[in-house]
Amino acid sequence: MIMSRIEAPSSEDTAATGDLVDLLLSGLPAEAVLTDPDVTASYANDMASFCPAGAPAVVVLPRTTEQVQHVMRTATALRVPVVPQGARTGLSGAANASDGCIVLSLTKMDRILEINPVDRIAVCEPGVVNAALSRAVGEHGLYYPPDPSSWEMCTIGGNIGTASGGLCCVKYGVTAEYVLGLDVVLADGRLMSTGRRTAKGVAGYDLTRLFVGSEGSLGIVVRAVLGLRPKPPEQLVLAAEFASAAAACDAVCRIMEGGHVPSLLELMDRTTVKAVNDMAQMGLPESTEALLLAAFDTTAPAADLAAVGALCEAAGATQVVPADDVAESELLLQARRLSLTALEAVKGVTMIDDVCVPRSRLAEMLEGVDRIAEKYQLTIGVVAHAGDGNTHPTVCFDSADPDESRRARESFDEIMALGLELGGTITGEHGVGVLKKEWLAREIGPVGMEMQRAVKQAFDPLNILNPGKLF
């Protein structure tokens with residue numbers, strides 16, 4: 001954890017903590033309330049760098065909605081902040097504890113309550129792991145598309161809180177498009193249901209969508225109704241190598257302008273390709289300046305790949321390799337899946353940015369990141385959900401070197417400024433949390449901030465739900 005702070009409670013805090021724990025235990029089993037400081041400290045932060053974290057007073061692991069309601073009533077009575085958590089795989093500090101807070105870990109609420117193939121919905125608790133839900137609905141011939149890179153670990157509640165995306169968003173969209181309804185425990189312990197189970201529904205304000213991406217600042221999601229799709233055929237993948245990032249971005253524009261709908265369209269720059277080669281000896285040509293991966297899960301994927309391959313060649317691809325089968329497709333995707341691990345191995349610590357720009361300006365974004373890397377004398381690799389314009393510039397640095405850490409933070413800010421300059425947004429799928437809250441104000445402006453705070457005040461007048469996040 002970089003630049004974090006976890007302070008031990010004072011003697012006064014200890015007495016207050018005792019009252020808090022006693023009240024919590026009046027409505028919770030003993031095993032659900034963790035007070036050992038060594039244990040609670042392990043819940044202090046998510047996976048973001050440069051985000052301060054405090055020392056929680058207690059960690060609670062409820063198993064039922066009623067237990068969550070008890071926690072929130074207790075927190076309201078004592079005016080104690082509550083920080084909701086899932087698997088803590090987030091990258092913005094949104095799940096970081098504050099001093100003296102209740103960490104409300106929802107990982108034990110992990111039941112899939114219903115899978116309905118006729119209505120094409122699943123109903124589940126927030127602690128269900130994304131991959132577990134995907135596999136469960138797959139047994140019914142159904143598909144839950146949102147697939148963050150951490151899908152084997154991250155939870156549905158965390159995905160909802162941060163409005164997660166993933167590799168398949170270019171065709172299937174993000175988490176928000178699949179959340180139909182929610183049960184939410186409010187700050188004062190009341191239970192509210194939003195949304196619907198039906199294919200259509202426009203009754204009142206869309207409170208469901210409001211909670212998606214709210215990072216636990218408006219309420220605690222305890223149940224979600226999720227939309228499903230029929231399971232698509234297995235995808236086939238094409239890899240195209242380019243002598244410049246600009247040529248690869250040109251290919252992306254040609255593919256999207258041509259009306260193609262790939263199930264995946266990912267880009268790796270030369271720094272990332274080299275890092276993957278160095279770590280896994282994948283044999284990618286050293287001359288590769290950019291690698292573009294496209295996939296189709298249509299009924300005739302080979303024909304789609306051929307059409308996209310021709311567009312890549314027209315844009316200047318030096319080599320185009322379409323897979324013949326699913327196994328070969330998996331091999332081609334392996335480099336992309338190893339990207340972040342490989343970049344982390346460069347220096348040991350990374351800051352992963354999450355700037356999304358219009359597809360038409362993707363080349364300018366990559367060229368700008370190159371300039372920033374040169375200016376700060378840092379290794380910055382870029383992997384991108386190119387079909388969305390969602391880039392992940394990844395700053396590699398030595399956290400033991402104060403000067404390099406400073407340059408890493410400054411380069412991170414310049415990358416966000418570049419994204420806004422190009423008509424983009426500071427976060428496409430990771431959220432704001434602590435890491436980007438000063439940038440949220442720059443993006444949405446003073447009137448937008450005023451309205452955001454008014455919404456927060458309406459749902460959480462005591463400001464006890466994840467305070468200090470977003471703004």
Side-chain angles (χ1 to χ4, degrees), residues 51-52 54 68-69 71-85 90 92-98 100-102 104 126 157-164 174-177 179-196 201-224 354 356 416 419-420 424-471:
C51 294
V68 175
Q69 289 181 277
V71 171
M72 294 314 305
R73 290 187 189 113
T74 301
T76 293
L78 297 181
R79 306 300 196 261
V80 177
V82 177
V83 177
Q85 288 183 352
S92 68
N96 283 14
S98 54
C101 76
I102 300 169
L104 184 60
N159 296 168
I160 292 170
T162 57
S164 298
V174 295
T175 295
E177 294 166 63
V179 182
L180 302 181
L182 296 170
D183 283 357
V184 181
V185 175
L186 300 177
D188 59 9
R190 288 178 295 164
L191 181 64
M192 178 178 71
S193 294
T194 75
R196 64 193 196 278
V202 292
Y205 295 131
D206 190 350
L207 296 181
T208 303
R209 194 68 175 249
L210 182 62
F211 280 101
V212 180
S214 66
E215 301 183 15
S217 65
L218 301 179
I220 312 296
V221 172
V222 291
R223 189 183 71 106
D354 175 36
C356 192
M416 284 191 285
L420 292 181
T425 175
I426 59 168
T427 176
E429 57 188 6
H430 292 170
V432 175
V434 177
L435 189 63
K436 298 186 175 184
K437 63 181 186 177
E438 68 179 87
W439 284 94
L440 177 65
R442 299 191 200 191
E443 179 170 333
I444 68 175
V447 176
M449 288 298 291
E450 182 184 340
M451 293 298 101
Q452 299 256 340
R453 290 193 174 103
V455 171
K456 169 71 169 170
Q457 174 68 18
F459 280 92
D460 181 22
L462 299 177
N463 192 30
I464 61 172
L465 278 169
N466 216 7
K469 313 297 166 58
L470 291 167
F471 42 76

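Note that the structure is predicted; figures quoted are calculated from it, not measured.
In this structure, the side chain of Thr425 does not engage the main chain of Gly428 through any donor-acceptor pair within 3.5 Å. Remark: side-chain polar atoms of Thr76 are paired, donor with acceptor, to backbone N or O of Ala187 under 3.5 angstrom. Under a 3.5 Å cut-off, the side chain of Glu443 and the backbone N or O of Ile426 do form a donor-acceptor pair. Judged purely by atom type and a 3.5 angstrom limit, Thr194 has no side-chain atom pairing as donor or acceptor with the backbone of Leu207. Within the 3.5 Å criterion, the main-chain N or O of Pro52 finds a donor-acceptor partner in the side chain of Asn96.
Shown here are the salt bridge (charged side-chain N to carboxylate O under 4.0 Å, His left out) partners of Glu438, two or more places apart in sequence or in another chain: Arg442. Residues passing the salt bridge (charged side-chain N to carboxylate O under 4.0 Å, His left out) test with Arg73: none are found, sequence neighbours excluded. Looking at residues two or more places apart in sequence or on another chain, you find a side-chain contact (heavy atoms from CB on, under 4.5 Å) between Asn466 and Val83, Pro84, Lys469.
Residue Leu435 comes nearest to Cys51 through the heavy atom pair CB-SG, 3.6 Å, listed as atom of the first residue, atom of the second, then distance. Nearest approach of Pro81 to Pro467, heavy atoms of both residues: CB-CG, 3.7 Å.
For residues 433-471, the set of pairs meeting the ring pair (Phe, Tyr, Trp, His ring centres under 6.0 Å) definition, not counting sequence neighbours, comprises Phe211-Phe459. Sorted by first then second residue, the salt bridge (Lys or Arg N to Asp or Glu O under 4.0 Å) pairs that include residues 185-196, not counting sequence neighbours, are Asp188-Arg190.
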Item to check | Criterion side chain to side chain contact (heavy atoms under 4.5 Å, CB included) on Glu429 and Val174, from CA distance to verdict | outcome: CA-CA 8 Å; Glu429 57 188 6; Val174 295; 5.7 Å; no
Under 3.5 Å, sequence neighbours excluded: what are the donor-acceptor pairs made by side chains of residues 444-458?
unit_1: Lys456; atom_1: NZ; unit_2: Ser217; atom_2: O; d: 2.8
unit_1: Lys456; atom_1: NZ; unit_2: Asp460; atom_2: OD2; d: 2.7
unit_1: Lys456; atom_1: NZ; unit_2: Leu465; atom_2: O; d: 2.7

